[in-house]
Structure formats: C-alpha cells, structure tokens
Number of protein chains: 2
Amino acid sequence: MTENDKLTEEKIFESATEIFIEKGMDGARMKDIADHAGINKALLHYYYRTKDHLFNAVFEKMAGLMFKKFAPVFDERLSFEDKIKFFFREHITFLQQNPRLPAFILYELSRHPERIKKLIQNLDVEKLWETLEKQHEKDLKKYNITKENIPQFMTSVAAMSVFPFLAKPIISGVMEKIGYNFDEYLEQRKSYAPEFILKAISKTNRDELTLT
Amino acid sequence: MTENDKLTEEKIFESATEIFIEKGMDGARMKDIADHAGINKALLHYYYRTKDHLFNAVFEKMAGLMFKKFAPVFDERLSFEDKIKFFFREHITFLQQNPRLPAFILYELSRHPERIKKLIQNLDVEKLWETLEKQHEKDLKKYNITKENIPQFMTSVAAMSVFPFLAKPIISGVMEKIGYNFDEYLEQRKSYAPEFILKAISKTNRDELTLT
DNA sequence: AAATGATTTAACCGAATGGTCAAAATTAAA
DNA sequence: TTTAATTTTGACCATTCGGTTAAATCATTT
C-alpha cells in the first residue's frame, strides 16, 4: 500500500496529527495540514467540519494512546519489581518514538482542563486500586504504599518517565555543553528510573544505613 | 501606588505576561493584551515594536525567574540533606504561586528549542559541578552521585518538583474522582519529595533490607 | 504662553485565516 | 451507457490579526 492508496480521511488525520503535535492547536494552520496531506483545503472541512472537530479527533486519539501505555502494567503477570522495570522500559521506548507527544497533550490539557473529563470518565480509580491491592498486597505493605500516599507515588513514577521529554530542550541544551548525549541519557534512564523508584519506596531506615 | 500610577510600559509588560502565560505565544492576541492593560493597541507597538519583541521580553524574564529558583540551593549554607529539603519547600511554594509557569516555559521551549541557547549561555556547568564537589565531597560519595550520573539525578529532582504542575489537570482530575485534594497533595509533596529523593540515592542495598 | 518632545488614540491597511459553495471530476449504481 | 451519488477542487467571503500612520493630547522647557 503506497501513500496514494491511503484513504483521504486517513491521510488528513495523519497529517493533522503531525502538524497539531508540532505546532499545537493555535499554531497549526488548516492550510499546512491540507498541503501536508496533498489535498485541497476544502476537503478538510468536507471530512471534519471544523478545525475544532479535527483537533478533537486527533487529541482524543493521541491522549488515549498515551494513557493506554500505562495500562499494561496492571495486566502483565510480573512481580511488583518487574512491573516497575517493565513500565519504564516500555514507556520510555514509546516516548522515544513520540518525543513531542507529552508536551502536546499536557499543554493542550493545561490550556483547556475541561478536556480531561472525557478522557477519564470511564476510569474507575477505586476499582483499579482494589485490583492492584489484591494482586500485590504483600508488596504494597513491603513498600509502604497506601491508599493515602498512592498519588504521591504514582505521580513520581510518571514524572521520572515523562519529564525528560517535557524538558528535552533544556536537558539536551545543558548536556551538550558538557559533551553528554541526550539519547544515551534516555537509554540509561530505562534502568536508572526503576532502581531509583524501588530504592526510594523501600522501608529501609535511611539514617541508619548510609554511613558507608 | 494605584493601578493608574503604574508606568504604561509596566502595565503592558504585566498584562502581556498574564496573557502569554495563559494562552501561549500563538493563542495570545495583541488586542487582548491591550484590553487587559486598558490601553490602545497601538501603544503596544510604541513600546515593544512587534508581538515577537514583547513575547521575548516576557519569556526571558519568566524563564530567568524560574531557573533562578534553582540557584539558591548552591549558595545556602546547609547540609546536603537540608539543601534537598530546602529546595523542594521553596520551589514548590514558588510554583504554587505561578502554577502555569512551567507548562508555558517548557512548551514554548519545545516549540522553539533555539531559545534555550540564550538562557544558558552564561551557565558554566563545569564550574558549578566543581563548586558542588568541593562543598559536598563527602555527601556526593556517600550518595554515589558522580559526574556521570548527575544528569539522571538532577532531572529526577526537577521532575519531582515540576511535574505535578505540568500534569495538574490530569492529577487533580483523577484525584477529584476519589475525593482527594490537589492542594493538599502539593503540601504533602514538599516533604514527600525530599524523603523520596534521599532514600532513592542512598547506597543501602535494597534487596538485603526490605524483608520487613 | 509658546514651543518642543513624548505619549496616546482612532482610523486604517494588507495579509492571513477558517470556512463556504457551486461546479467539476470521479466512482458506483441502474 | 446513463444516472445518481460521492469526492475533490478553485474561487470566493467575512473576519481577524499584527502592524502603521497621522493627528491629537499631555507634559516639559523656555
């Protein structure tokens, strides 16, 4: 199947995805999307009535894709520790292939927070917690992860994986100055992050044990 | 000094800051900024020639402000552990007062990565590292922070503090569903984050010590 | 108070933008 | 092969946007 065989609607959607992710809703131009898809501007409005419609289609698809990447963690039949390792390896690899996705999603959400509702309306947090608790009761106790501090824990995990992509220009800008390489940094992070997290939540009394 | 006494240039700059942070470069309208400042649109161009000039002024000021907040850590005469605690308390408090700043800065940087150069041109990373090494030689050894893994460490610290603000709509959206409060979450984080970090970098062998 | 320079405004401009529409081209149905 | 339906296009439209200009207002100096 060549580029020409693709259905027009697909071509439009893919072009829109690329342009929107690169320039954002406000920076994207319908003309650019049409040109990128190699079609007439009016065709965009034939398939997707307005810029808003087209944007929403792209945004919901991409946001769904990104959040779905968190899900397998709950399904995989792995030990708690391996799930953490599995998550960082898979998630960072996914983001390496879509490095601008997090900035796009989070920025558009911060501009229009209402959008979050549709994305999480089918998410039953209580149920998810119960499942996790059944599956890893011992680990949760071992690591002292309670219902009360799970938001702290979850956001720390997400932060460790997503932040490098959100701050990529800064990080690679600074690293360039000292001859480091951003891609190597990302590869390292796939193992650094899970070790970091697991150590951070271990019950070990830090003060007693760090006298070298 | 009332609102009317403020110099026009100040009023413009402050209004521009607010509008740009809220809507971004592409979403902001010169008309909105003028209205917000209570002046004629042409005055914007009288003081700042173009939208780009105005934006750059705002962006550089705000980016500088945000990055400066990382600096005191190096100066304060505190133990290594207290510096970490100090940092999170101060930085999160600062971001609580400017919650949209990180998304603004990081998004505009990801759209125009060239901008980073001007921001870090005067930053001597090598020197900074040497200073840190002299000041905390023992701690760096104790926590196994080397020149090689310092990017991993630094980005992890930054991530723990900044990410909650970048992902605020998601976090507070999810937390709302289970009756949690985002502001409480942030207060907690001021102490959760430094403990998390310090435990994560301690040399303790995790496997030996987590049998409860 | 006249003159000078700085500040502010209303009116205007050209380019770009999202969107429409009727006609043309293509495809599917009869 | 005709007819009907669908897809694609070029030309067009109203509005918005960043920016300009000349005149008006205000403050300062002489």
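- Side-chain atoms of Ser156(B) and Arg189(A) form a donor-acceptor pair, as typed in the model, at a separation below 3.5 Å.
- Going from atom OH of Tyr48(B) over to atom P of dG19(D) covers 15 Å, rounded to whole Å.
- Not a single donor-acceptor contact under 3.5 angstrom links the side-chain atoms of Lys51(B) to the base of dG19(D).
- Closest to the side chain of Ala42(A), out of dG18(C), dT9(C), dT9(D), is dT9(D).
- Heavy atoms of Ala28(B) sit under 4.0 angstrom from primed sugar atoms or phosphate atoms, though from no base atom.
- Judged by distance alone, with hydrogens and angles left aside, Lys41(B) brings a side-chain donor or acceptor within reach of the base of dG19(D), the pair sitting under 3.5 Å.
- At whole-Å resolution of the value, CG in Leu44(B) and C1' in dG18(D) are 10 Å apart.
- Taking the six-membered ring for Trp and thresholds of 30 and 60 degrees, His91(B) and Phe87(B) have nearly parallel ring planes, at less than 30 degrees apart.
- Rounded to an integer number of Å, the gap from CG of Leu43(B) to P of dT20(D) is 14 Å.
- Without hydrogens or angle criteria, Asn149(B) side chain to Gln152(B) main chain gives no donor-acceptor distance under 3.5 Å.
- You'll find that the side chain of Thr50(A) is closest to dG19(C), out of dG10(D), dT9(C), dG19(C).
- His45(A) has its NE2 atom 15 Å from the P atom of dT9(D), to the nearest Å.
- Atom CZ of Arg29(A) is separated from atom P of dG18(C) by 5 Å (rounded to the nearest Å).
- Note: CG (Leu54(A)) to C1' (dT17(C)) measures 15 Å, nearest angstrom.
- An OP1 or OP2 oxygen of dT8(D) is reached within less than 4.0 angstrom by a side-chain nitrogen or oxygen of Thr8(A).
- Atom CG of Asn40(B) and atom P of dA22(D) are 16 Å apart (whole Å).
- Here the two rings, on Phe20(A) and Phe59(A), have centers that are 6.0 Å apart or farther.
- Using a distance-only test at 3.5 Å, with no hydrogens or angles considered, a donor-acceptor pair links the side chain of Lys177(B) to the main chain of Ile120(A).
- For Tyr46(A), the listed nucleotide lying nearest its side chain is dT7(D); candidates were dT9(D), dA10(C), dT7(D).
- As judged by a 4.0 angstrom heavy-atom cut-off over every strand, Tyr47(B) is placed among residues touching the sugar-phosphate backbone only.
- The interatomic distance linking Asp52(B) (CG) with dC17(D) (P) rounds to 17 Å, in whole Å.
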